There are 6 protein chains.
Amino acid sequence: MAKQQTNPQPVDAAVTPRFGSIPTFMRLPHLKDPSQLDIALIGVPWDGGTTNRAGARHGPREIRNMSSFMRKVHHVSRIAPYELARVADLGDAPVNPIDLMDSLARIERFFAKVHAGGCIPLSAGGDHLITLPIFRAIAAKRPIGMIHVDAHSDTNDRYFGDNKYTHGTPFRRAVEEGLLDPRRVVQIGIRGSIYSADDMEFAESSGMRVIYMEEFARLGVEKVIKEARRVAGRGPTYISFDVDGLDPVYAPGTGTPEIGGLTTLEAQHLLRGLQGLDLIGGDVVEVSPPFDPSGNTALVGATVMFEILCLLADAVARRRKPPKKR
Amino acid sequence: MAKQQTNPQPVDAAVTPRFGSIPTFMRLPHLKDPSQLDIALIGVPWDGGTTNRAGARHGPREIRNMSSFMRKVHHVSRIAPYELARVADLGDAPVNPIDLMDSLARIERFFAKVHAGGCIPLSAGGDHLITLPIFRAIAAKRPIGMIHVDAHSDTNDRYFGDNKYTHGTPFRRAVEEGLLDPRRVVQIGIRGSIYSADDMEFAESSGMRVIYMEEFARLGVEKVIKEARRVAGRGPTYISFDVDGLDPVYAPGTGTPEIGGLTTLEAQHLLRGLQGLDLIGGDVVEVSPPFDPSGNTALVGATVMFEILCLLADAVARRRKPPKKR
Amino acid sequence: MAKQQTNPQPVDAAVTPRFGSIPTFMRLPHLKDPSQLDIALIGVPWDGGTTNRAGARHGPREIRNMSSFMRKVHHVSRIAPYELARVADLGDAPVNPIDLMDSLARIERFFAKVHAGGCIPLSAGGDHLITLPIFRAIAAKRPIGMIHVDAHSDTNDRYFGDNKYTHGTPFRRAVEEGLLDPRRVVQIGIRGSIYSADDMEFAESSGMRVIYMEEFARLGVEKVIKEARRVAGRGPTYISFDVDGLDPVYAPGTGTPEIGGLTTLEAQHLLRGLQGLDLIGGDVVEVSPPFDPSGNTALVGATVMFEILCLLADAVARRRKPPKKR
Amino acid sequence: MAKQQTNPQPVDAAVTPRFGSIPTFMRLPHLKDPSQLDIALIGVPWDGGTTNRAGARHGPREIRNMSSFMRKVHHVSRIAPYELARVADLGDAPVNPIDLMDSLARIERFFAKVHAGGCIPLSAGGDHLITLPIFRAIAAKRPIGMIHVDAHSDTNDRYFGDNKYTHGTPFRRAVEEGLLDPRRVVQIGIRGSIYSADDMEFAESSGMRVIYMEEFARLGVEKVIKEARRVAGRGPTYISFDVDGLDPVYAPGTGTPEIGGLTTLEAQHLLRGLQGLDLIGGDVVEVSPPFDPSGNTALVGATVMFEILCLLADAVARRRKPPKKR
Amino acid sequence: MAKQQTNPQPVDAAVTPRFGSIPTFMRLPHLKDPSQLDIALIGVPWDGGTTNRAGARHGPREIRNMSSFMRKVHHVSRIAPYELARVADLGDAPVNPIDLMDSLARIERFFAKVHAGGCIPLSAGGDHLITLPIFRAIAAKRPIGMIHVDAHSDTNDRYFGDNKYTHGTPFRRAVEEGLLDPRRVVQIGIRGSIYSADDMEFAESSGMRVIYMEEFARLGVEKVIKEARRVAGRGPTYISFDVDGLDPVYAPGTGTPEIGGLTTLEAQHLLRGLQGLDLIGGDVVEVSPPFDPSGNTALVGATVMFEILCLLADAVARRRKPPKKR
Amino acid sequence: MAKQQTNPQPVDAAVTPRFGSIPTFMRLPHLKDPSQLDIALIGVPWDGGTTNRAGARHGPREIRNMSSFMRKVHHVSRIAPYELARVADLGDAPVNPIDLMDSLARIERFFAKVHAGGCIPLSAGGDHLITLPIFRAIAAKRPIGMIHVDAHSDTNDRYFGDNKYTHGTPFRRAVEEGLLDPRRVVQIGIRGSIYSADDMEFAESSGMRVIYMEEFARLGVEKVIKEARRVAGRGPTYISFDVDGLDPVYAPGTGTPEIGGLTTLEAQHLLRGLQGLDLIGGDVVEVSPPFDPSGNTALVGATVMFEILCLLADAVARRRKPPKKR
Ligand SMILES: [Mn+2]
Ligand SMILES: [Mn+2]
Ligand SMILES: [Mn+2]
Ligand SMILES: [Mn+2]
Ligand SMILES: [Mn+2]
Ligand SMILES: [Mn+2]
Ligand SMILES: [Mn+2]
Ligand SMILES: [Mn+2]
Ligand SMILES: [Mn+2]
Ligand SMILES: [Mn+2]
Ligand SMILES: [Mn+2]
Ligand SMILES: [Mn+2]
């Protein structure tokens, strides 16, 4: 087990109030070397793949800001992530606000270094296209599985004729590139009007398990957890959480809201049910502060990030036999 | 069946992004002649019947704005309204912001022309009093039934002594004028403190079926659907959706919010359960943008409008034997 | 029974519209003498015990403002509080914005006079520390029970080393001072990450019944009501309602939001289930208008206050044998 | 001279903080009898004459709320209004939100009683049409003069064909009814695109002195003051201050904003220059809180009201020979 | 002279209130054929050149929305644009939200058609890069002059190493491509901290006349007008108005605000002083509604657009000898 | 002279966009050792001295956030602060949100270490009381002079009877404690209604030069600069900038707004005129983000901080003969 005292720790709220100090993720130290860490918290401030309302470029800052509300131990699972793993804020991946292809390359290179350092990434977007270069960095050797919470399947093909890369296409590209095993993908919360009756053709024919919002409501969270665990199986699995999977009252600050979504309590319950999977990373995407007057979306983003962090730290601890050298 | 290619179609989001172009309802063409249409989308920018917070006069513009998020096919029912029916934005009914009686007359005349054109209206208010002149235009020949979602019964009698017309009185007036058959009316979501113990006397003694919010929660949506269908029966039925029927977290932008209401997911489920009724029109009212900092109320208004549009288009298609001439 | 016509009555909304006139609680008269009242509505505009985001000092004004939406009779229980009891707005307790200990003393003195007048207080905070001086005023003679809705247990010990009094400590202090009987306390809605695994040690070892949010969701409201009634028993009981017990979509305007909380409908259902307990006072705390862009938190605060008022008026009426002199 | 100690006084901010207590105008007592007062502060929560964005019905409440920022002595003129005159909050004039003509009658009756009591009114609107019934109450015996700050002349004739009464017509009506002497009217800050080249025909041909914004900027405040004093002369004069006379950055919360207006500093300077005129009343109108996200418009409204109050108190004191009985 | 009655006219506000109907620019008809027009009002909803806060893609919709406040005649110059010229809303130029080079090509093609139709464009951005493809369409034959209001010179060279096209580079590119004559360019309002002491090197060495904000304040508007007219001279001149030239209190809704800027009154005065130049087009750019809580930026954008429209209509009328055929 | 390449430098905006990365002041490194610095940028997130609206505790975070807009060189003075001096973000001073006296002690100790390190502090508040412990740390050896921009003199004596320390009292305390030489103090922008005619007695009788807003407007900035320089003279001088000195349209996010204040352009002009004084520190206080919906107050705070930083860096460079060792 990691020695607690040597792991990076959040700023102590009983010394510096939670509204004070420079806002890093979870008030953790800002470090530069992923090889010293088990889990790296990373911002990807980029929304160049957004076809509708932009603003997710501001997501990492506001999620960092709101993550000061997080404390140190999960109140249900009692996971204490900073005892189980070395976690820090690794800063932001480099991006180019006006060049999509350049940004994809920069993001991939950054995450490749994180991956090479033996460190698991937990990222805050940015729009959903950022997951593609992350997959290129961490899934290059074998396709991975995914628990995907979203109102949208994000398996479109082209946009405006020629464009292959938007926040609506990452998972079709990931399957095509051999990064994602569609039979180990479950999509949860899908809903909203569609362009044509075959919008979901790729997702379904490739073997993804699509749980529409209506099926989610019918099944209830417990059965959805069971189904998600069945689909993900024992292989390496990534959690990708698009906040538009939630109902927009919980997450108004997003680019493509669809009414009639998950509650945060359901999402928390769902995530807690994933403990024990072979988790290798995760992200929270599409938090768009300019559309978030009360700040709740960023608070939700930070809390979901903490929920996933606990799962990842637990997975790190389970895998640690013998313990990682430091 | 309507020939798909000749029906009006929304602006294509893969040519003009959804935030672009002039915002008509559902991005449909703005046409002037109801006789060329099966269903007319109409704004009624008027809140002169409002006794508390005004602002619903701005509803049609913001609902139009947010309706750009709507796509073309319903993801559950798979209804494709623009294939089944000729639908367009007919603009706004004329109103007089400072003269209640003049406005009622102007609105009635406008809808009478729509009705005479053989076209079904789907309206965006405006406060709930607008439903009265709409009924005068479309229910003059026989009383109709109504599925009414609202926190309030809107069957008050007088206001400030003499006034017969406010957004709290339309359905008492409609019954008195023989436009509405109270035994074919179901009111869903009623709640909130009352002025006196007999506030609901008219609704109940006239035979309306009132499903208070508490009964709604107890029954669950499926049984409410069954009850609503039983009450509406086979006769011509109108859907009137006051957004304050929803909990104010979904629809803060409204004049008379009452906490403890429906979720949007429940409302969507409920509406989808109405397919197959003999539907002859509908409206979404009381969206008040000045009280809607995140814009969610207008998004909800637009989405509910799309849900009702799918029901109406389906009803139009069912009635089309033989097909309407063009 | 109180003679209805002589009890203070709200301003009539059919004479002065609800957005008009000077905003007192429930539009009741502003009176000064508690001995003429059965129930006093009191503001405590103070947030000096807040360790994170301040702003609850503005709570009483905005709750008063939104309480104009309240009418006169409860639509479910049919309780008519102004017929059953003499109720008025007693103004604000005096406070000192920059001196915590002075404020505690001023608040206690104010409530001691209310208590001496034979009048039950229903207060609008202010942060949760205000409940401690209220208890000192009304529970000096014997410990009381409490129904406590909150995301937090508020039974911490010290802050920043020495400080004994913050909005995180009132109920440990109240137990220590013999004001609160922990075995007659039920805490509902507790959740959120914690500082260490023994954060809840005091609450649990002292005998409080803690219903975490997860247990609440599992049990359902009806069973929680049963459990709350069992714990409170027949002794004198106070209702303390921290709006952060609700999910922050219902109450974003608060200092320490925790996602995944109660809905307002659940909270209303819960409160209605408390009718018949020996209720001796209540409060609604932590409404922080600067973080409430839509005003919904204040509306929720006002409505919860009305729900509790109905319970208190009912309790007053039950106790009135023979009737109180006037 | 009035005996200072017997005049009504604001709540003491060194006892009750300025964010506390029930918000009356200037924190003064809420009294009912105008005959006990020299100056009555009155709300007129009505915007039924508004042809564009409504919301001024909420003006009085928010102006009251923000008026808590006011202290007791003017820092430039050193006028201490509560020493010079008996001032209190007289509550709101009665209005009917859905009936224009009924509201005009109710407002007039209320102000007639104020006038009969020998008391000068200082009102907070409400839209600008409220000034007409006020004039009917206080200028019935002889036409008065007016200092009018506004972006608009408000001397239109008809609206929508027949309607004679809107917030764009009060001063034409007042001239026609012999209430206002146009040769003793100065309009300051007029600007904004117009419907046709003769929009200002009535104002100019009737003899009003119109100082467009451009002339205001050219002359500077000192010369405008001189001109205003020249026009008003020695007769009884009323100050009507429409907040849209200010640039909308100072007063975004208004129904008909026009960019390029006065600064608040200029407006304050201008008002201070009116000391010594025979002032008989005043109002601040068109404050519309739903369009005022920062609350600055209401703060401006409250401060302008305090500026005018000082002028009126000074005028009362000058006229008091011998002193009024009490 | 154009026959007044046949020119397109705005919706009549005395028939349809200004908050009603579908929001086109100035409430003019939405037409498709530029060859029928003298001046085309065009939206360019694109912000792909933005290196900081995005959101100007939403500018055209909100400017259209707020342009409903505009009336028909300029109150100072008395120019009546719809009498002098045929003006309409031509809709939006096509853009691709995720592809910068594709968007530049689409915008250029759209404006080339407008130009070929003999029609002058007045555009609403969008970010400032949109002016480059507009220049490619309208200045291909000879370099033009420009009156440029902005906090920034927008004459940077490269971004992130390679990128030539951002909203900080259009005017360097335009000079390089021979579209803009730098000796006939005046930049007004330049300010804000800089990256290095030679940031302004290109602008100054190429011969542009740069009037920093500090010089603007020192000279006063009249002398700035004189200087601007001297620089622009008699050749064809374009007006490009970046709203960040204004102080951010007037235009908070923009991506790169710099405090200490022009007032709207100064900007209006300045624009009015340009009457009589050989004006061939104009634009208002960088209005970013997600950062504009009060809507004032869009109102300013719409009003500035109306000011420029009056100048363009006047220029059209001056050039019309003999009159254009219709 | 300091070697430019070794001084701490901001994150490069051409590598990481300005909305990215963790927000430190001016995007400078976060360092811990003041002895390595010439100027330390410090947050003091505390508002426990606030008697009205709190929220300035959140000031440092939002000023940091907005300071990302700042670049590297002043565009008027051409001062390049990071070439002239070693500047970094030193984090936040420790504070105790619920204990005023403890906070004063903690802040003083923190600044004493900064001062002992030979480093000049430039702080972001927090409310204005924070300046008192800063003075105790840096002016213990001799009284200093002050340029004080504020709507308020902040020389009150007691509050609520006993309390000596509020944000209205720091400068009376500082004079009493011998930290501040009143004859070398100039207060600029003072205005707003007062509690009694002798509110300014201490300031004036102690010898402070008070320039009321009205005198400021009359004199113009140039003469105010001259007067400020005369008063400050050659001794060590501190700049204390309360954002409520500005008009609230520039700085709505503050606790005690007073209309009719300075423009930002005037304030910038004024500050630039102070170059060459013997400056030894400065602060920007009373930025209260919860009352700042557009974020402009924080942007103003950050920009004013940059203006003062340039003055301080210039002062450092002037004093460096011989240069400081490193
Ligand atoms: Mn997605
Ligand atoms: Mn999505
Ligand atoms: Mn209704
Ligand atoms: Mn309703
Ligand atoms: Mn609590
Ligand atoms: Mn709590
Ligand atoms: Mn007016
Ligand atoms: Mn006006
Ligand atoms: Mn620009
Ligand atoms: Mn610019
Ligand atoms: Mn101060
Ligand atoms: Mn101040």
Side-chain angles (χ1 to χ4, degrees), chain B residues 11-25 27-32 41-48 54-68 88-99 102-103 106-107 110 124-126 288-290 293-295, chain E residues 11-25 27-32 41-48 54-68 88-99 102-103 106-107 110 124-126 288-290 293-295:
Chain B
V11 170
D12 188 343
V15 172
T16 307
R18 289 203 260 166
F19 47 79
S21 77
I22 296 162
T24 55
F25 286 123
R27 314 191 79 189
L28 288 164
H30 177 200
L31 302 180
K32 302 284 174 132
L41 307 182
I42 299 168
V44 189
W46 186 76
D47 56 16
R57 67 183 69 184
H58 304 285
R61 275 216 181 166
E62 281 308 308
I63 292 174
R64 278 190 177 96
N65 197 10
M66 282 296 181
S67 75
S68 294
D89 187 328
L90 207 68
D92 280 1
V95 299
N96 183 338
I98 60 154
D99 192 325
D102 185 27
S103 293
R106 288 170 186 249
I107 297 168
F110 183 88
S288 180
S294 76
Chain E
V11 171
D12 188 342
V15 172
T16 307
R18 288 204 261 166
F19 47 79
S21 76
I22 296 163
T24 55
F25 285 123
R27 312 191 81 190
L28 288 164
H30 176 199
L31 302 179
K32 303 285 176 132
L41 307 181
I42 299 168
V44 189
W46 187 77
D47 55 17
R57 67 183 70 184
H58 304 285
R61 275 215 182 167
E62 282 308 310
I63 293 174
R64 279 190 177 96
N65 196 11
M66 283 295 181
S67 75
S68 294
D89 187 328
L90 207 68
D92 281 2
V95 299
N96 182 340
I98 61 155
D99 192 327
D102 185 27
S103 292
R106 288 170 186 249
I107 297 167
F110 183 87
S288 180
S294 76

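So you know, we letter chains A, B, ... as the sequences are listed, proteins then strands, and number each from 1. Computed from a prediction, not measured in an experiment: that's the story for all the values here.
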By a 4.5 Å heavy-atom criterion (distance strictly below it), what part of [X] contacts chain E: side chain, backbone, both, or neither?
X     : value
B/R57 : both
B/V15 : backbone
B/D89 : side chain

E/P23, part contacting chain B, at a heavy-atom distance under 4.5 Å
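Answer is both: backbone and side chain atoms of E/P23 are under 4.5 Å from chain B.
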E/V95 versus chain B, heavy atoms under 4.5 Å apart: side chain, backbone, both or neither?
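It is both, since atoms from each part get that close.
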Taking all heavy atoms of B/F25 and all of B/G43, pick out the closest pair and write down the distance.
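The answer is CE1-N, 3.7 Å.
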What are the two closest heavy atoms between B/L31 and B/A88, and how far apart are they?
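Distance-wise, the nearest heavy atoms are CD1-CB, 3.7 Å.
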Does either side chain, that of E/R27 or that of E/T16, offer a donor lying less than 3.5 Å from an acceptor on the other one?
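Side-chain D/A pair, E/R27 to E/T16: absent.
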Highest number of heavy-atom pairs under 4.5 Å with chain E: which of B/P60, B/G91, B/A93, B/G20?
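Heavy-atom pairs under 4.5 Å are most numerous for B/G20.
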Answer yes or no: is there an ion pair linking B/D99 with B/R106, defined by an N-O contact shorter than 4.0 Å?
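Salt bridge between B/D99 and B/R106, a charged N being under 4.0 Å from a carboxylate O: no.
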Quick one: do B/I42 and B/F110 satisfy side-chain contact (heavy atoms from CB on, under 4.5 Å)? Show the steps, please.
CA-CA 10 Å; B/I42 299 168; B/F110 183 88; 3.7 Å; yes
